[in-house]
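Before any comments, here is the structure.
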4 protein chains.
Amino acid sequence: MTPPRRPHPGNRRDENARLDVLHAADDLLVEHGFKALTIEAIARRAGVAKQTIYRWWPSKVDILLDTLIEDSEKRFPVPLPDANVTAAVVRDYLRAFSRFLVDDLAGKVLLALMAEAQHDPATAASLRERYLDPRRAQERDMLSRGVETGEFTPRLDADSAMDVIAGTLLYRASTGSGIPDTLLDTLIEDVLKPAPNM
Amino acid sequence: MTPPRRPHPGNRRDENARLDVLHAADDLLVEHGFKALTIEAIARRAGVAKQTIYRWWPSKVDILLDTLIEDSEKRFPVPLPDANVTAAVVRDYLRAFSRFLVDDLAGKVLLALMAEAQHDPATAASLRERYLDPRRAQERDMLSRGVETGEFTPRLDADSAMDVIAGTLLYRASTGSGIPDTLLDTLIEDVLKPAPNM
Amino acid sequence: MTPPRRPHPGNRRDENARLDVLHAADDLLVEHGFKALTIEAIARRAGVAKQTIYRWWPSKVDILLDTLIEDSEKRFPVPLPDANVTAAVVRDYLRAFSRFLVDDLAGKVLLALMAEAQHDPATAASLRERYLDPRRAQERDMLSRGVETGEFTPRLDADSAMDVIAGTLLYRASTGSGIPDTLLDTLIEDVLKPAPNM
Amino acid sequence: MTPPRRPHPGNRRDENARLDVLHAADDLLVEHGFKALTIEAIARRAGVAKQTIYRWWPSKVDILLDTLIEDSEKRFPVPLPDANVTAAVVRDYLRAFSRFLVDDLAGKVLLALMAEAQHDPATAASLRERYLDPRRAQERDMLSRGVETGEFTPRLDADSAMDVIAGTLLYRASTGSGIPDTLLDTLIEDVLKPAPNM
DNA sequence: AATTAATCGAGACGGTACGTCTTGTCTTCCG
DNA sequence: CGGAAGACAAGACGTACCGTCTCGATTAATT
């Protein structure tokens with residue numbers, strides 16, 4: 001009588017449901033903003049029962065984190081640990097990051113999560129553990145190697161330097177100001193102080 | 001029947017009610033976070049009717065903005081337009097700003113509003129118009145005068161330079177990392193490039 | 001600058017305000033029903049301050065009672081105590097009452113107050129004291145004199161007989177069934193049993 | 001966290017909640033009157049969420065109607081269509097109705113709904129469709145059969161006769177006058193005119 | 001004439017209830 | 001057992017009235 005909405009794969013986790021939820025959350029965030037991103041709305045849009053969401057994700061923040069981690073890795077991977085860290089490599093990485101924040105719809109997810117982290121300690125913890133800290137470790141490593149090879153001579157430690165750069169880019173992106181190449185280049189010059197033979 | 005709990009000032013706005021709401025909102029934000037900052041909770045805590053809040057504030061964000069504007073002016077006023085802008089003046093101003101963000105409970109209001117602005121365009125507009133833009137205009141003016149007198153020789157325009165500094169400080173504060181004086185000093189050195197006779 | 005809204009008669013009660021309130025209440029009841037008859041709506045419509053209403057009337061029910069008493073006296077006065085009570089006199093009185101209930105907008109006020117009396121004991125008391133009891137006393141007297149002169153030979157006492165007649169008419173009016181003359185005539189015949197030489 | 005106060009039967013309607021609401025509404029009406037019968041109060045008393053009430057009942061009137069219909073059927077059922085309609089049967093039915101109105105707490109529900117119907121057309125429609133019309137149809141049938149068998153010889157049609165009787169009884173009950181047996185008996189005599197061999 | 005006293009329109013106030021929405025939990029039934 | 005469906009208790013949303021109050025103006029009667 002009732003048409004089967006979706007083939008149930010039995011007692012294994014339904015990969016279709018998982019993807020539907022991820023996409024629904026992403027779409028809702030982009031289309032209607034974080035305020036409209038309720039569990040009910042996601043379930044409605046994904047054609048999924050609320051319980052299915054609660055079963056697999058502790059909160060809507062974790063849904064976004066899942067998509068953010070996947071997308072970040074695709075859009076602006078940190079250069080591999082064994083790569084040669086030249087000034088150009090770092091600049092390209094930061095440009096990719098800037099484009100992710102400003103032009104990429106997936107970048108909105110990061111901005112939204114950064115904001116939500118300010119409102120909710122649990123989000124702050126998840127975001128830090130699953131996203132910020134791992135990436136920062138890679139970035140710190142990248143910069144450190146650049147410093148070791150004399151490519152950069154920053155006055156700040158690698159972590160603080162990354163805070164200056166990331167903080168500036170996030171601030172510009174979050175206020176909708178955009179990030180011109182000249183701004184980023186000057187920032188790299190002033191903070192990282194690359195060797196003149198760049 | 002019910003004893004009057006507070007003298008009604010008639011058909012003029014009740015200053016007591018206004019202050020009670022402001023303080024209640026502030027306290028709730030600090031004690032229980034932005035998530036607990038509901039109109040109902042503010043009304044309950046302030047001993048005020050919900051309608052009194054809706055009558056005078058379009059949203060809870062505007063309540064926070066009212067407290068933020070007052071507190072900012074008290075805690076870290078921008079140096080007056082006719083003041084002599086030395087490197088020390090700028091450094092002191094930025095230190096006051098840093099302390100506001102890190103140590104002052106009122107600083108949490110700014111961080112919360114920055115976050116909420118990311119979630120809600122209306123908040124973004126209010127925050128920009130009533131707080132960020134006016135202060136930025138003063139700060140830009142401050143820096144520009146310092147540049148004119150040769151006190152600073154930044155490679156960036158005054159606005160971008162302020163974005164770097166503010167973005168960095170806000171990022172550090174929002175992640176709970178703290179803002180050591182050495183970080184701020186180096187940031188000033190690298191970005192604003194003060195004259196050596198500082 | 002501001003045009004004077006209404007000439008104040010000074011420290012005497014403003015008769016215009018009184019009439020405006022009465023008419024506003026009446027109009028609102030007829031146009032939008034009892035549910036829309038709020039003090040705020042009356043004040044709004046009458047162009048009067050709420051306090052002016054609360055100063056002179058204990059409740060909105062008393063406003064309606066004021067209009068009801070005036071209108072009833074005009075539309076269907078009880079025959080004077082010294083009048084000769086013939087069957088025709090009684091029938092004419094009851095027909096006037098029926099018309100008041102069914103056709104007259106003022107009759108809606110009585111139906112509304114009867115209903116409200118069921119919901120609110122204070123209304124029941126006011127309605128009884130200021131309206132029902134005085135009229136019933138006159139009606140009882142009217143019937144009693146008709147019985148004394150042999151015009152009627154009811155099996156019930158005057159009060160119960162009036163309850164049957166009034167109850168029936170109010171029920172028909174309140175259900176919107178209307179009150180045909182034949183129904184009223186038969187009711188008089190069966191209950192009051194007038195002398196055959198009517 | 002919160003211990004389950006009641007076993008959840010899942011996605012089927014919770015019969016316990018339904019009964020709790022019905023009883024809470026009934027109790028509140030009897031104890032504090034119609035004015036205190038708010039959805040919030042019912043929910044509070046029943047230990048039920050407001051949404052649960054709004055999910056199943058369009059308005060508080062429909063809650064009362066549910067209880068009224070059940071109680072009426074129990075307390076004073078109309079004699080079955082195939083029963084022999086003697087004067088005694090009709091008198092007993094009307095006495096049960098009178099007792100329901102005067103002595104039974106459930107009778108207050110009918111009086112309250114009759115009153116509310118006067119204030120609110122939607123209530124009038126519901127009350128008529130779900131209660132008054134069905135019962136009246138049965139009563140009309142009862143009387144008609146009594147007339148056909150010569151048990152009664154009323155001057156009025158069955159419907160009008162019932163209006164006289166019901167109107168009188170409701171009026172007496174609503175004014176708190178009570179309904180003595182002699183009043184009811186005389187009313188039956190005068191209006192229905194039963195055959196003398198009663 | 002100056003003062004006093006009451007009325008008036010206006011509207012702020014602390015409350016309560018409205019009907020809607022979302023939360024996270026729980027239960028049923030189907031595949 | 002996973003998943004769709006959806007009932008449930010809880011509680012916030014923003015609005016409408018309640019009845020009380022205070023304001024500043026206006027006007028009549030009393031100094």
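Chain identifiers are assigned alphabetically (A, B, ...) following the order of the sequence lines, protein sequences preceding nucleic acid strands; residue numbering begins at 1 within each chain.
Atom CG of D:Asp14 and atom P of F:dA10 are 13 Å apart (whole Å). Protein atom CD1 of B:Ile53 is 9 Å distant from nucleotide atom P of F:dC13, rounded to whole Å. Going from atom NZ of B:Lys35 over to atom P of E:dT23 covers 11 Å, rounded to whole Å. Between the CD atom of C:Glu15 and the C1' atom of F:dT27 there is a distance of 17 Å, given to the nearest Å. Rounded to an integer number of Å, the gap from D:Arg45 CZ to E:dA17 P is 14 Å. Here the P atom of nucleotide F:dG11 and the CD1 atom of B:Ile39 are 18 Å apart, to the nearest Å.
For A:Lys50, the listed nucleotide lying nearest its side chain is E:dG24; candidates were E:dG24, F:dC8, E:dC13. Candidate nucleotides E:dG14, E:dT7, E:dA12 were compared by shortest atom distance to the side chain of C:Asn11, and E:dT7 ranks first. The C:Glu40 side chain lies nearest to F:dC17 when the options are E:dT22, F:dC17, E:dG14.
The CG atom of D:Leu113 sits 10.5 Å away from the CD atom of C:Gln118 when rounded to the nearest 0.5 Å.
Between C:Trp57 and the options C:Val21, C:Ile39, C:Thr52, a side chain to side chain contact (heavy atoms under 4.5 Å, CB included) holds for only C:Val21. Of the candidates C:Arg13, C:Arg18, C:Arg12, C:Arg18 is the only one forming a side-chain hydrogen bond (donor to acceptor under 3.5 Å, both in side chains) with C:Glu15.
Along DNA chain E, the nucleotide closest to D:Lys60 and the one closest to B:Arg18 are compared, and the more 5′ of them pairs with B:Arg18. Place D:Gln51 and D:Ala41 on DNA chain E by their nearest nucleotides, and D:Ala41 ends up nearer the 5' end.
Taking 4.0 angstrom as the limit, C:Arg13 places none of its side-chain polar atoms (N or O) nearer than this to OP1 or OP2 of E:dA6. Taking side-chain N and O atoms only, A:Trp56 has a distance below 4.0 Å to OP1 or OP2 of F:dG3. Listed pair B:Thr52 / E:dA12 fails the phosphate criterion, with no side-chain N or O lying under 4.0 Å from OP1 or OP2. Residue B:Arg12 places none of its side-chain N or O atoms closer than 4.0 Å to OP1 or OP2 of F:dT22.
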Checklist entry - What's the verdict on side-chain contact (heavy atoms from CB on, under 4.5 Å) for D:Ile53 and D:Lys60, showing C-alpha distance, side-chain angles and the deciding distance? => result CA-CA 9 Å; D:Ile53 298 181; D:Lys60 64 187 175 189; over 6 Å; no

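D:Arg44 comes within 4.0 angstrom of sugar-phosphate atoms only, judged by non-hydrogen atoms across all strands, and of no base.
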